[in-house]
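All ligand and atom numbering here is 1-based and tracks the order in the structure.
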Amino acid sequence: MKTEWLRREVRQFAPYVVAPIRESRVINANENYANVFAIPSIREEVMAALSSYQPQIYPKPLADGLREALSDYTGSAPEELLAGNGGDEMISYTLHTFLNEGDTVLLHAPTFDMYEVGAGLLGAKVEKVRDLPGYRRDRKGLLDAIRRLQPKMTFLCNPNNPTGELLSASFIEECLAAAEGLVFVDEAYMEFAQEESVLPLIRKYPNLIVLRTLSKAFGLAGLRCGYIAADRAIIDEVAKVKNPYNLNSLTQALAAAVLRRREEIFPIRDGIVAERERLCEAIQHVRGVTVYPSRTNFLLIQVEEDRADELFEAWRQADILVKRYKDNPLLPGAFRITVTTRDVDDAVLSVLKEVMRRA
Ligand SMILES: *Cc1c(COP(=O)(O)O)cnc(C)c1O
């Protein structure tokens, strides 16, 4: 293949690497440990959806039934919601709707990779405001940057992946008021925080876009379903850009079925939150390890950089795969650990204690 065939932005593009998995305890991608289809009432609902399923018919372009179910869950009108193949697809569609080459996109750093990847592919200019020590967002720095740069889009990940930190809704309102451009608030983990969501503010701020996903708290990462909520004028424009049949009808039907039975899933979420607090507290007592407070289903921890290889390998030997940030200068010696069940967390902890004792 001739490199000249490629778009300029693609030529210098590194592929998103999904690590090969050999371990049986995989806690590197913030997946839910629970199979929600195994819950009897959800299984029943899913089976009923399957028995009337018609694979020969094209899916509803705007996922009408799913939109109704999401509307019932979020309190937004169906016309204020748009669903797709995971939050990732909705990030991509939103960028494609609004960004011209050379536009400025503002991020805090470190954060989720997809904003920079997507914006970079479109030739946008990415500006970053680094977190303060302790991975607290630089709130003043972000507001100053919004006022100074007036970016076309500002991304706020709340709570943030990978640091777990939560911004208050009132701070986000300050950003919304200061920004002439769009503010995209990624609430992929908001079900674990259960407060400070700005989703109800889409009627007050026409420049607000909120992202949610069923991949994390709802345990449907493989089914692929994410959605944005925004002023209907924004939804109408993003709907023009998306592929007409982006979201397959099986996902539309099954995601709606799960949402109708969401009360059955919240206890699993509550258990993960309690387990997160237990693990966080236990890690605080391990000398040489810093653990950051988290409002999500994961914990960011940090050790001296020269201990990181040994620790990562020790976990692998113990059949545990965690997320490591090896070549990220903003996250030296850092690991992200998905919180799952007590037995897995105890295994994580025992390896951590053992390695740190050797220090
Ligand atoms: C997981 C995640 C998403 C979306 O994931 P999908 O599986 O594509 O829905 C979006 N933002 C953040 C910060 C995430 O961690």
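Note: an N/O pair closer than 3.5 Å links Asp88 and ligand 1 by distance alone. Checked by distance only, ligand 1 and Leu211 stay at 3.5 Å or farther apart across all their nitrogen or oxygen atoms. For ligand 1, the polar-atom distance check against Asn85 finds no nitrogen or oxygen pair separated by under 3.5 Å.
Panel note: side chain Arg212, backbone Ala229; no donor-acceptor pair is recorded below 3.5 Å. Using modelled atom types, one side-chain atom of Thr251 and one backbone atom of Leu223 make a donor-acceptor pair closer than 3.5 Å.
Under a 4.0 Å N-O distance rule, the pair Lys204/Glu173 qualifies as a salt bridge.
The contact set between ligand 1 and Ala188, taken as ligand atoms under 4.0 Å from a residue heavy atom, comprises 2 (C), 3 (C), 10 (C), 11 (N), 12 (C), 14 (C). Contact atoms of ligand 1 toward Gly86: 6 (P), 8 (O), 9 (O) (distance under 4.0 Å to a heavy atom of the residue). Listed by atom number, the atoms of ligand 1 under 4.0 Å from Tyr189 heavy atoms are 1 (C), 13 (C), 14 (C), 15 (O). Close contacts between ligand 1 and Cys157 involve ligand atoms 13 (C) [criterion: under 4.0 Å to a heavy atom].
With a 4.5 Å cut-off on side-chain heavy atoms, Ile235 and Leu81 do not count as touching.
For the ring-ring contact (aromatic ring centres under 6.0 Å, His included) test with Phe335, the passing option among Trp315, Tyr292, Phe298, Tyr325 is Trp315; the others fail. Here the rule is salt bridge (Lys or Arg N to Asp or Glu O under 4.0 Å) with Arg295, and of Glu196, Glu195, Glu191 only Glu195 fits it.
For atom 11 (N) of ligand 1, the nearest non-hydrogen atom from the set Asp113, Asn158, Asp186 belongs to Asp186. Nearest-residue assignment for atom 9 (O) of ligand 1 (options Leu223, Thr213, Leu214; heavy-atom criterion): Thr213. Looking at Arg212, Lys216, Met114 and measuring to atom 1 (C) of ligand 1, the nearest heavy atom belongs to Lys216.
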Salt bridge (Lys or Arg N to Asp or Glu O under 4.0 Å) assessment of Glu237 paired with Lys240: CA-CA 5 Å; Glu237 296 303 322; Lys240 282 192 213 162; 2.8 Å; yes
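Of all protein heavy atoms, the one closest to atom 8 (O) of ligand 1 is Arg224 NH2, 2.7 Å.
Ring geometry for Phe184 against Phe155 counts as tilted: the plane angle lies between 30° and 60°, on a 0 to 90° scale.
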